[in-house]
Amino acid sequence: MNLLDRFLNRTHFDDYDDFSRNIKVTVPDNFNFAYDVVDEYARLCPDKRALVWANDKGEEKILTFGELKTLSDKAVNILLKNKLKKGDFVMTMLNRRYEYWILAVACHKLGVVIVPATHLLTPKDIAYRCNQAKVKLLFITKETDVLEHVYYALPSCSTLQKVYCTEEAEGYFNLGRELEESPSVLPDISRPALNDLMLVYFTSGTTGMPKMVAHNFAYPVGHIMTAAYWQTVADDGLHFTMAETGWAKCSWGKIYGQWIAGSAVFVYDFNGRFTPTDILPLISKYKITTFCAPPTIYRFLVKEDLSKFDFSSLTHCSTAGEALNAEIYNQFKEATGLSIYEGFGQTESTVILATFKYLNPVSGSLGKPSPIYRVEIIDDDENPLGPMQEGEIAILKYPDQFGLVCSYYGDEERTRSLIEDKYYHTGDLAYKDNDGWFWFVGRKDDIIKSSGYRIGPFEVESALHEHPSVLECAITAAPDPLRGQIVKATIVLAPGYTPSDALIKELQDHVKKATAPYKYPRIIEFVKELPKTVSGKIRRVEIRQNDKNRQ
């Protein structure tokens, strides 16, 4: 069973037009994901799977909703023992440990605001986040780097009272032991209100210091669109999103919409660098039914011999995080027979645009709008633009909007603009074709202006990805005294290829044939790796700054 019909007027539709026009989503006035989803499943079907966890050491753990209720109630008592109350902040650096799901549900029950953070943070990053959010408790894994970085950050964390580690670690409180010893009877506590803060994410900081993106208790309902109608998770199925708990992709793919729709979530806990062959056998071993990963993962997967692996349990694949290059889509489909359904959104939202279940993928397109958002392409003066006109993807807000950032915590000016502005601005450029499909151009800050031309990096990157020598690439503007800016490609080569002047000429000629000749990269630099945020997004701003410094 699933709980979708408690939020929707209908769950099945004839086509996308029927879906987009007629679906009605209701957010109950006192909705709380922990009580109304997790505890409700525990009451109705306590043995229903919630979480299937496995790690690279061969260990496994399955949590049912009945067990999750008990463990989250125990975790509430740990929070209360530390005198936490509604509105207090805790931070997690739990990577892919199953304790994250226990703590998230516990925090939602008590109204404690959870700040999921990546385990890759440096001491400076940890101190910054703890102080900005006035974090009182920190929950961490026992990974060596995490223990070391937290140790060096602690003297600078002014509000932090205690640090819990998932296992026994010198100098830290043992979360596992306290969960065992904590009482499982939930005391009489008041339920948080719908508009109370539930969750805060720090953005990845691709262009500046990370912002605190705050969501209230209505946010999980927005992820019905993400899970049920884009990822098309199955009731009693098993959904696998490639993400750790420190990023919003976890909320997108590993908890809220999936559980509302009745699907269990699969978590693979590993340390070190990602190896594609590590996850491919898991699909058949655990009978994973739906899969979602960023384009970077698919770029690595298509370099493998996928014919050696069994994909028969998979019914649906999806991607988000960056735009998917058409060549990667084509290679994956040819190797597996599976289409990749693209989605677009941000830390501030649920899925905004997607190839929803009623649409056939159009290679290279972001898809069409989610029914819970009023999506438009606008110019710099906020005028809506027509088909084939390039502009910013924006959301026209309406009263009682849900599934969208409710505030930028600690930033009154930005929050005031968020509340008062007519549109929510994504900062991403696209155009809409005559059939209503959206096509990504690039980040507003990444557009290249060369000799009067406006060049979006995505199209050039897509062209380069068609060449077998290119594993990863980033297109940026390089300063030029004559043209103002010129196109530069920073490229990581695939195994078996070495840098050469001949290869540079070959790549330039390839781009000239694949797209408008004026868009070809006049500069090509080969590197061993691209600069990225801790969430894995390419830092084009760093490439531009390095070029400027060298000049």
Side-chain angles (χ1 to χ4, degrees), residues 16 19-21 23 25 201 203-204 206-208 211-216 218-219 222-223 225-226 229-230 248 252 320-324 342-356 359 362 364-408 411 413-447 449 454-459 537 540:
Y16 173 78
F19 166 64
S20 63
R21 283 198 310 262
I23 192 169
V25 185
Y201 278 110
T203 59
S204 53
T206 52
T207 58
K211 306 184 294 289
M212 285 192 283
V213 175
H215 290 288
N216 61 25
Y219 172 68
H223 278 304
M225 297 296 120
T226 308
Y229 295 101
W230 167 49
W252 277 51
E322 302 173 33
L324 178 71
E342 192 158 354
F344 165 82
Q346 299 183 319
T347 302
E348 285 92 338
S349 71
T350 62
V351 69
I352 297 171
L353 300 166
T355 303
F356 290 100
L359 295 167
V362 175
S365 172
L366 296 176
K368 294 187 177 184
S370 165
I372 70 169
Y373 299 121
R374 299 171 183 174
V375 187
E376 294 182 358
I377 300 291
I378 62 172
D379 64 17
D380 291 340
D381 296 319
E382 295 194 336
N383 299 307
L385 298 174
M388 309 308 294
Q389 292 183 289
E390 180 187 304
E392 184 180 11
I393 303 170
I395 296 173
L396 178 63
K397 293 181 291 188
Y398 59 86
D400 301 320
Q401 175 85 62
F402 65 97
L404 194 62
V405 54
C406 64
S407 72
Y408 288 97
D411 190 333
E413 183 177 348
R414 190 184 294 269
T415 297
R416 185 165 54 252
S417 296
L418 176 71
I419 294 169
E420 295 174 356
D421 287 356
K422 179 180 179 181
Y423 287 96
Y424 167 74
H425 292 255
T426 67
D428 287 295
L429 298 179
Y431 65 89
K432 181 171 60 174
D433 68 21
N434 291 310
D435 296 318
W437 290 84
F438 284 68
W439 298 82
F440 185 71
V441 173
R443 286 292 295 173
K444 205 169 183 179
D445 295 338
D446 292 336
I447 293 299
K449 299 172 183 176
R454 284 168 55 87
I455 302 170
F458 178 68
E459 185 179 2
K537 292 183 180 180
R540 292 174 181 83

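Counting from 1, the numbers follow the sequence of the chain as shown.
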Participant: Which pair of non-hydrogen atoms, one from Ser349 and one from Trp252, has the smallest distance, and what is that distance?
Facilitator: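 What the structure gives for the nearest pair is O-NE1, 3.1 Å.
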Participant: Are Val25 and Met225 packed together at the side-chain level, in the sense that at least one heavy-atom pair is separated by less than 4.5 angstrom?
Facilitator: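 With C-beta onward as the side chain, the pair touches.
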Participant: Looking only at heavy atoms, which two atoms of Thr355 and Trp230 are closest? And how far apart?
Facilitator: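 Heavy atoms only, the tightest pair is O-CD1, 3.7 Å.
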Participant: Working to the nearest 0.5 Å, report the span between CG of Leu404 and CG of Leu418.
Facilitator: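 CG of Leu418 is found 6.5 Å from CG of Leu404.
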Participant: Just jot down the side chain to side chain donor-acceptor pair (under 3.5 Å) partners of Thr350, sequence neighbours excluded, or say none.
Facilitator: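 Partners of Thr350 under the side chain to side chain donor-acceptor pair (under 3.5 Å) test: Tyr373.
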Participant: What are the two closest non-hydrogen atoms of Gly343 and Ala320, and how far apart are they?
Facilitator: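 Reported closest heavy-atom pair: O-CB, 3.4 Å.
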Participant: Could you grab the distance from atom CE of Met212 to atom CG of Asp411, nearest 0.5 Å is fine?
Facilitator: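 It comes to 8.5 Å.
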Participant: Does either side chain, that of Tyr408 or that of Glu348, offer a donor lying less than 3.5 Å from an acceptor on the other one?
Facilitator: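 Present: a donor and an acceptor within the cut-off.
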Participant: Test side-chain contact (heavy atoms from CB on, under 4.5 Å) on Asp433 and Met388 and set out the steps.
Facilitator: CA-CA 5 Å; Asp433 68 21; Met388 309 308 294; 3.7 Å; yes
Participant: Identify the heavy atoms of Ser407 and Thr415 that sit nearest to each other, and give their distance.
Facilitator: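 That closest heavy-atom pairing would be CB-CG2, 3.7 Å.
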Participant: Rounded to the nearest 0.5 Å, how far apart are CZ of Arg374 and CD1 of Ile395?
Facilitator: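 Between Arg374 CZ and Ile395 CD1, I get 11.5 Å after rounding to 0.5 Å.
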Participant: Hey, is the main chain of Leu385 close enough, under 3.5 Å, to the side chain of Lys432 for a donor-acceptor pair?
Facilitator: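 Not confirmed, Lys432 side chain does not pair with Leu385 backbone.
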Participant: Would you sort out whether Val213 and Gln346 count as a side-chain contact (heavy atoms from CB on, under 4.5 Å), showing the intermediate values?
Facilitator: CA-CA 10 Å; Val213 175; Gln346 299 183 319; over 6 Å; no
Participant: Applying ring-ring contact (aromatic ring centres under 6.0 Å, His included), name anything that partners Tyr229, two or more places apart in sequence or on another chain.
Facilitator: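 Applying ring-ring contact (aromatic ring centres under 6.0 Å, His included) to Tyr229 gives Phe19.
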Participant: Compare every heavy atom of Tyr423 with every heavy atom of Glu376, then report the nearest pair and how far apart it is.
Facilitator: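 The answer is OE1-OH, 2.6 Å.
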Participant: Apply side-chain hydrogen bond (donor to acceptor under 3.5 Å, both in side chains) to the pair Tyr424 and Gln401, showing each step before the final yes or no.
Facilitator: CA-CA 11 Å; Tyr424 167 74; Gln401 175 85 62; over 6 Å; no
Participant: Looking at residues at least two apart in the chain, or sitting in another chain, which of them share a salt bridge (Lys or Arg N to Asp or Glu O under 4.0 Å) with Glu459?
Facilitator: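 Partners of Glu459 under the salt bridge (Lys or Arg N to Asp or Glu O under 4.0 Å) test: Lys519.
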Participant: Side-chain contact test, heavy atoms from C-beta onward, threshold under 4.5 Å: evaluate it for Phe344 versus Pro369 and give yes or no.
Facilitator: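 The answer is no, as the side chains (C-beta and beyond) never meet within the 4.5 Å cut-off.
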Participant: So which atom in Ser20 and which in Pro371 form the shortest heavy-atom distance, rounded to 0.1 Å?
Facilitator: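 Heavy atoms only, the tightest pair is CA-CG, 3.8 Å.
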Participant: Before giving the answer on side-chain contact (heavy atoms from CB on, under 4.5 Å), spell out for Tyr431 and Ile377 the whole-Å C-alpha distance, their side-chain angles and the decisive distance to 0.1 Å.
Facilitator: CA-CA 7 Å; Tyr431 65 89; Ile377 300 291; 5.7 Å; no
Participant: Taking the side chain as everything from C-beta on, heavy atoms only, tell me whether Lys397 gets closer than 4.5 Å to Asp421.
Facilitator: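 A side-chain contact under 4.5 Å exists here.
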Participant: Hey, does Ile352 have a side-chain heavy atom less than 4.5 Å from the side chain of Ser370?
Facilitator: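 Side-chain contact under 4.5 Å: no.
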Participant: Mind checking what makes ring-ring contact (aromatic ring centres under 6.0 Å, His included) contact with Tyr219, not counting sequence neighbours?
Facilitator: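 If we apply the ring-ring contact (aromatic ring centres under 6.0 Å, His included) test to Tyr219, skipping adjacent residues, the hits are His215, His223.
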Participant: Which pairs pass salt bridge (charged side-chain N to carboxylate O under 4.0 Å, His left out) with one or both residues in residues 379-392, sequence neighbours excluded?
Facilitator: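 Matches after skipping sequence neighbours: Asp380-Lys444, Glu390-Arg454, Glu392-Lys444.
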Participant: Just jot down the side chain to side chain contact (heavy atoms under 4.5 Å, CB included) partners of Ser365, sequence neighbours excluded, or say none.
Facilitator: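 Only Val362, Trp437, Trp439 meet the side chain to side chain contact (heavy atoms under 4.5 Å, CB included) criterion with Ser365.
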Participant: Mind running side-chain contact (heavy atoms from CB on, under 4.5 Å) on Leu429 and Ile393 for me, showing each step along the way?
Facilitator: CA-CA 6 Å; Leu429 298 179; Ile393 303 170; over 6 Å; no
Participant: Working to the nearest 0.5 angstrom, can you tell me the gap between Leu353 CG and Glu342 CD?
Facilitator: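 Result: 9.5 Å between the selected atoms.
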